[in-house]
Engineer: 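Below: one structure in structure tokens.
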Amino acid sequence: MIVAFSLVPSGGRASREDGGVADAVASAVRIVQESGLPHHTSSMFTEIEGSWDEVMDVVKRATEAVGEYGTRVSLVLKADIRPGRTGEMTAKLERLQTELDKQQG
């Protein structure tokens with residue numbers, strides 16, 4: 001499965017003076033990186049690929065890490081569940097690029 005998720009703390013010491021939460025997000029991304037699972041972080045979401053149990057364990061631990069920065073955590077999660085498939089984080093993009101190339105002639 002591939003999961004795209006976003007975490008934002010609120011309350012307590014959740015945001016810096018400038019309103020940013022980069023320190024909290026960094027603590028979550030560190031957990032994702034250390035998991036060893038395929039992942040990608042963009043400006044809005046982190047994507048991670050693995051089995052249901054692997055991915056959800058990482059999301060849970062990342063959520064707990066962000067929870068250290070506030071009294072609440074907002075979690076947005078989107079999942080693409082395709083049993084038996086691996087490598088889809090890159091394969092989906094390759095299929096998209098192939099289609100774009102066909103359409104461009």
Side-chain angles (χ1 to χ4, degrees):
M1 75 184 308
I2 300 171
V3 166
F5 72 101
S6 174
L7 294 163
V8 179
S10 61
R13 63 182 185 108
S15 64
R16 301 182 317 237
E17 282 185 27
D18 66 357
V21 292
D23 50 354
V25 173
S27 69
V29 172
R30 181 182 44 78
I31 288 168
V32 172
Q33 290 173 340
E34 291 173 355
S35 75
L37 295 173
H39 63 275
H40 172 78
T41 299
S42 68
S43 62
M44 299 272 303
F45 285 93
T46 294
E47 297 174 359
I48 187 168
E49 183 173 17
S51 72
W52 182 278
D53 291 336
E54 291 170 327
V55 169
M56 290 305 169
D57 175 62
V58 173
V59 171
K60 179 182 179 189
R61 290 186 293 120
T63 302
E64 290 168 346
V66 169
E68 296 294 319
Y69 291 83
T71 57
R72 299 175 78 165
V73 177
S74 173
L75 167 65
V76 175
L77 186 141
K78 180 177 180 178
D80 181 1
I81 304 165
R82 293 183 80 179
R85 302 289 290 255
T86 60
E88 286 297 299
M89 278 181 60
T90 55
K92 284 177 141 188
L93 296 174
E94 290 166 1
R95 290 190 299 270
L96 174 60
Q97 188 59 53
T98 298
E99 189 58 35
L100 288 168
D101 292 345
K102 277 198 268 182
Q103 291 181 11
Q104 292 174 354

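Counting begins at 1 with the first residue of the sequence.
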Engineer: Show your reasoning for whether side chain to side chain contact (heavy atoms under 4.5 Å, CB included) applies to Val3 and Val59.
Structural biologist: CA-CA 9 Å; Val3 166; Val59 171; 4.3 Å; yes
Engineer: Just list the side-chain donor-acceptor pairs under 3.5 Å for residues 74-81, sequence neighbours left out, or say none.
Structural biologist:
unit_1: Asp80; atom_1: OD2; unit_2: Lys92; atom_2: NZ; d: 2.5

Engineer: Minimum heavy-atom separation for Ala65 to Ile31, with atom names?
Structural biologist: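 Closest approach of Ala65 to Ile31, heavy atoms only: CB-CD1, 3.5 Å.
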Engineer: Quick one: do Glu99 and Lys102 make a salt bridge, cutoff under 4.0 Å?
Structural biologist: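 Answer for the salt bridge query: yes.
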Engineer: Any side-chain heavy atom of Ile48 within less than 4.5 Å of one from Pro38?
Structural biologist: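 No. Closest side-chain heavy atoms not under 4.5 Å.
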Engineer: Check whether Met1 and Phe45 end up in the same hydrophobic cluster, where Ile, Leu, Val, Met, Phe, Trp and Tyr are linked by side-chain heavy atoms less than 4.5 Å apart.
Structural biologist: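 In one cluster with Met1: Phe45, no.
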Engineer: Sequence neighbours left out, what pairs pass salt bridge (Lys or Arg N to Asp or Glu O under 4.0 Å) with at least one residue falling in residues 39-56?
Structural biologist: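 Found none.
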Engineer: Might you work through the side chain to side chain contact (heavy atoms under 4.5 Å, CB included) test for Val29 and Gln33, ending with a clear yes or no?
Structural biologist: CA-CA 6 Å; Val29 172; Gln33 290 173 340; 3.8 Å; yes
Engineer: To the nearest 0.5 Å, what is the distance between CD1 (Ile2) and CZ (Arg85)?
Structural biologist: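 Rounded to the nearest 0.5 Å, the CD1-CZ separation comes to 9.5 Å.
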Engineer: Does Tyr69 belong to the same Ile/Leu/Val/Met/Phe/Trp/Tyr cluster as Val32, with side-chain heavy atoms less than 4.5 Å apart forming each link?
Structural biologist: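 They do not share one cluster, since no chain of ILVMFWY contacts under 4.5 Å joins Tyr69 to Val32.
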Engineer: Which atom pair, heavy atoms only, marks the closest approach of Ala28 to Leu7?
Structural biologist: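 Ala28 and Leu7 have their closest heavy atoms at CB-CD1, 3.9 Å.
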Engineer: So Glu88 and Arg82, do their side chains get closer than 4.5 Å, heavy atoms only?
Structural biologist: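 Of all side-chain heavy-atom pairs linking Glu88 with Arg82, at least one is under 4.5 Å.
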Engineer: Can Glu34 and Arg30 be counted as an ion pair, charged N to O under 4.0 angstrom?
Structural biologist: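 Result for this pair is yes, salt bridge flagged.
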Engineer: Working to the nearest 0.5 Å, report the span between OG1 of Thr90 and CD of Glu94.
Structural biologist: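 Going from OG1 on Thr90 over to CD on Glu94, the span is 5.0 Å.
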Engineer: State which residues pass side-chain hydrogen bond (donor to acceptor under 3.5 Å, both in side chains) with Thr41; sequence neighbours excluded, sorted by chain then number.
Structural biologist: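 Checked Thr41 against side-chain hydrogen bond (donor to acceptor under 3.5 Å, both in side chains); matches are Thr46.
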Engineer: Do Leu37 and Val58 have side-chain heavy atoms sitting under 4.5 Å apart?
Structural biologist: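 With C-beta onward as the side chain, the pair touches.
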Engineer: Distance from Met44 atom CE to Phe5 atom CZ, nearest 0.5 Å?
Structural biologist: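 Rounded to the nearest 0.5 Å, the CE-CZ separation comes to 14.0 Å.
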Engineer: If you look at every heavy atom in Val8 and Val66, which pair is closest and at what distance?
Structural biologist: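 Closest pair (atom of Val8, atom of Val66, distance): C-CG1, 4.2 Å.
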Engineer: Can you see which heavy atom on Gly70 is nearest to which on Pro9, and at what distance?
Structural biologist: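 Closest approach of Gly70 to Pro9: N-CB, 4.3 Å.
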